[in-house]
2 protein chains.
Amino acid sequence: MIDQPESNGTTLRDAEPGILAGSAHPLEVDARTAESLKLWVVLSRAQAAVSAHVAADVQRSGLTLTEFAILEALYHRGAMLLGEVQRRILVSSGGITFLVDRLVAKGLVERQECPSDRRARYAALTPDGEALIARIFPGHASMIARAVSTLSAEEQQVAVKLLRRLGRGAVALAREDVNEGG
Amino acid sequence: MIDQPESNGTTLRDAEPGILAGSAHPLEVDARTAESLKLWVVLSRAQAAVSAHVAADVQRSGLTLTEFAILEALYHRGAMLLGEVQRRILVSSGGITFLVDRLVAKGLVERQECPSDRRARYAALTPDGEALIARIFPGHASMIARAVSTLSAEEQQVAVKLLRRLGRGAVALAREDVNEGG
DNA sequence: GTCATGTATCTTAGAACTGAGAAGATCATG
DNA sequence: CATGATCTTCTCAGTTCTAAGATACATGAC
């Protein structure tokens, strides 16, 4: 976590990427591009702000955000191949090995062989892991609800629609680039 | 970056936190909370997806995202105290020392004494640093505009308003918690 | 069969941080 | 001016993760 969490009340203050009036440099982009830059900034800051809440909550159970994401995925989806978990929580292949190792050491997760493919392994919750996630998930959920409660239910629905489209669009664009560039 | 970027076309696929139909467990939260959880998931995924574009772009100049954020802040705001930069780009106090050291080693940034407070140091762009950021910023800006172009200009404005309020609200809530808890 | 290619996980080195605390400077107060 | 509280940066050990390659298995063409 970032230290000096309050200092002078300007932590996480509004972005104002400096492109606007009062900048040390003249305007360099048109208004439309400026709005896109602002979107990128507020998107990152909102995510960081909510993430700080979630991380603090999860940390009280002795878990990192990423560890919790794995437990939650296994809880709600059942056992999954390591590669599936990896793509779902967006870490590298080395990262998923590292994380599952750590959860195994904590006794929360176990590896299981895959009968149809001897390269692959399942990750599955142990009884301890299932008990832990079942115990903390409800509080976790209401904690998130509180963290985003600045938006009304209707506004949250609008935000979900826009963000889902934004995310999907960015992923699709990245795939296009890969296909054209490679 | 995460490897296996395409594999089976389901990377970054839609979240569906597993709380809905077909889950291995019964519904555990009400619809309102489920929508908040979904907001948290799509927020994180959208941020990650756009961030991947930005990081790839910036990496072509031999910079990390965080290094670029520092250069951009100094470019648009002029020299800043290390603590100001730290709060602006959201890293730890150790992190800002580390990052500025690295930018100094690259010849892009220099430290300057603060005449009114001998504890403090300014970070300022060197001519090389200024030339670099001036050269890459326009392309960077249009690259971001492209990454978020799935949303129309009007939708981007709506998203900015909602995300700004969401971020501010979450930060305010965190401060409340600190004041009550400490 | 066997060869080439692709896939799934693991290993390793090291990059990019965080967190705790030290050291020095400043500020507020009596 | 003391004295203590608070900043500001820096140090350093440790954590979390990435990238690249290794290993082992699978799959399809021949």
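Throughout, a chain's letter reflects where its sequence line sits, starting with A, and its residues are numbered from 1. Because the structure is predicted, anything quoted here is derived from the model rather than measured.
Ring geometry, B:Phe137 versus B:His76: the interplanar angle exceeds 60°, so the pair is classed perpendicular (tilted spans 30 to 60°).
Contact check for A:Leu99 versus A:Val85: no side-chain heavy atoms found under the 4.5 Å cut-off. A:Asp101 has its side chain within reach of A:Arg111: a pair of non-hydrogen atoms, C-beta onward, lies under 4.5 Å apart.
Following rounding to the nearest Å, A:Arg87 (CZ) and C:dT9 (C1') show an atom-to-atom distance of 12 Å. One can place CD1 of B:Ile96 at 10 Å from P of D:dC10, the figure rounded to the nearest angstrom. To the nearest angstrom, P of D:dT15 lies 15 Å from CG of A:Asp101. Between A:Leu63 atom CG and D:dT15 atom C1' the separation is 15 Å, expressed in whole Å. Computed from coordinates, the A:Gln86 CD to C:dA8 P distance equals 9 Å when rounded to whole Å. Between the C1' atom of C:dA8 and the OH atom of A:Tyr122 lies a distance of 13 Å, rounded to the nearest Å. C:dT9 atom P lies 10 Å from atom CZ of A:Arg111, rounded to whole Å. For A:Ile70 and D:dC17, the CD1 to P distance is 9 Å, given to the nearest whole Å.
The side chain of B:Leu82 lies closest to D:dC10, out of C:dT18, D:dC10, D:dC17. Comparing D:dT16, C:dC17, D:dT9 by their nearest atom to the side chain of B:Ala120 picks out D:dT9. Checking C:dC17, D:dC10, C:dT9 against the side-chain heavy atoms of B:Thr97 singles out D:dC10 as nearest.
Summarising the geometry of B:Ala48 relative to A:Leu90, their closest heavy-atom pair is CB-CD1, 4.1 Å, with the distance given to 0.1 Å. The shortest heavy-atom contact between B:Val91 and B:Ile96 is CG2-N, 3.8 Å.
OP1 and OP2 of C:dT18 both lie 4.0 Å or more from every side-chain N or O belonging to B:Ser93. OP1 or OP2 of C:dA16 has not a single side-chain nitrogen or oxygen of B:Thr64 nearer than 4.0 Å.
By the 4.0 Å N-to-carboxylate-O rule, B:Asp117 lies close enough to B:Arg119 to be salt-bridged with it. A:Arg77 and A:Glu84 are not joined by a salt bridge, as no carboxylate oxygen comes within less than 4.0 angstrom of a charged side-chain nitrogen.
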Between protein and nucleic acid, restricted to nucleotides 25-28 of chain D and to nitrogen or oxygen atoms under 3.5 Å apart, what atom pairs and distances do you find?
| from | atom 1 | to | atom 2 | distance (Å) |
| --- | --- | --- | --- | --- |
| D:dC25 | O2 | A:Arg119 | NH1 | 3.4 |
| D:dA26 | OP1 | A:Arg118 | N | 3.1 |

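Within 4.0 Å of A:Leu99, counting heavy atoms only, lie sugar-phosphate atoms of the nucleic acid but no base atom.
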